[in-house]
Amino acid sequence: MDGDVSLVKLKERVPARRREGLDDTGALGGAARSADVTGNYDEVDDDDHVPTAGPGAPQKSVEGWIVFVAGIHAEATEEDVRDMFADYGDIKNIQVPLDRRTGYLKGYALVEYERAKEAKTALEALNGADLLGQEINVDWSFVKSNRTQKSRRSRNAGRSRSPVGRRR
């Protein structure tokens, strides 16, 4: 009997753990109950809601959402491009390649945004816009292709991979 009393005292000193699921009464237990009562849930960032399914849909690069800007005037500067695209969101990175021989722009730029919504807004607003008297074209840099693994295999369907098959 003394052992039972000491076990109960020991259990009382141990802090209670938060647990998921149902407790003994059938009510939500632990973290699920506290979230339900307080209303503190983890939020899903819906800011980047851009349709990414199917061929031709934009695809995120390793670090962000990159738009390709073509048709830039040769005498434009990086600041001109940055000023034009900064109105639609925070630019994470911008690349404006220069021609080594002339020192002028090659005619295109890559603008990277942190969020897909910002990139999509810039793409829709600036495609066909005017920069230094020249119309620019804006599109996604990375898009999903319509080619699948199955179509890739069908090209080699009649070929043998083994050396034995090649000797015949």
Next item on the list: Flag yes if Leu105 and Val67 sit in one hydrophobic cluster, no otherwise; membership is Ile, Leu, Val, Met, Phe, Trp, Tyr, and two members link when side-chain heavy atoms are under 4.5 Å apart.
Entry: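 Yes.
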Next item on the list: Establish whether Trp140 and Phe68 are linked, either directly or via other cluster members, by ILVMFWY side-chain heavy-atom contacts under 4.5 Å.
Entry: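 In one cluster: no.
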Notebook entry, point to check: By salt bridge (charged side-chain N to carboxylate O under 4.0 Å, His left out), which residues pair with Glu78, not counting sequence neighbours?
Noted result: Arg82
Minimal non-hydrogen separation, [X] against [Y], with atom names:
X: Met84; Y: Ala129; answer: CE-CB, 3.9 Å
X: Tyr113; Y: Ala122; answer: OH-CB, 3.5 Å
X: Pro97; Y: Ala109; answer: CD-CA, 4.5 Å

Note, [X] side chain near [Y] side chain (heavy atom, < 4.5 Å):
X: Val69; Y: Tyr108; answer: no
X: Tyr88; Y: Leu126; answer: yes
X: Leu131; Y: His73; answer: no
X: Val81; Y: Val111; answer: yes
X: Asp139; Y: Asn127; answer: no

Checklist line | Which residues share a ring-ring contact (aromatic ring centres under 6.0 Å, His included) with Tyr104, sequence neighbours left out | finding: none
Note to self: I'd like to check the ring-ring contact (aromatic ring centres under 6.0 Å, His included) partners of Phe142; sequence neighbours left out, ordered by chain and number.
What the structure shows: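 Partners of Phe142 by the ring-ring contact (aromatic ring centres under 6.0 Å, His included) criterion come out as none, since no residue qualifies.
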Next item on the list: Sequence neighbours left out, what pairs pass salt bridge (Lys or Arg N to Asp or Glu O under 4.0 Å) with at least one residue falling in residues 96-107?
Entry: none
Next item on the list: Rounded to the nearest 0.5 Å, what's the gap from CD1 on Ile72 to CG on Asp80? Could you check?
Entry: 9.5 Å
Item checked: Gap separating the CG atom of Leu123 from the CD atom of Glu118, nearest 0.5 angstrom ->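 Reported value, rounded in 0.5 Å steps: 13.5 Å.
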Item checked: All side chain to side chain contact (heavy atoms under 4.5 Å, CB included) counterparts of Glu124, not counting sequence neighbours -> Lys120
Next item on the list: Mind checking side chain to side chain contact (heavy atoms under 4.5 Å, CB included) for Gln95 and listing every partner two or more places apart, or none if nothing turns up?
Entry: Asn93, Leu110
Next item on the list: Please say whether more than 12 non-hydrogen atoms of neighbouring residues, nucleotides or ligands are located less than 6.0 Å from CG in Asp87.
Entry: yes
Check: Taking the side chain from Glu112 and the backbone from Ile91, do they hold a donor-acceptor pair closer than 3.5 Å?
Finding: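 Checking the backbone N and O of Ile91 against the side chain of Glu112, no donor-acceptor pair under 3.5 Å is found.
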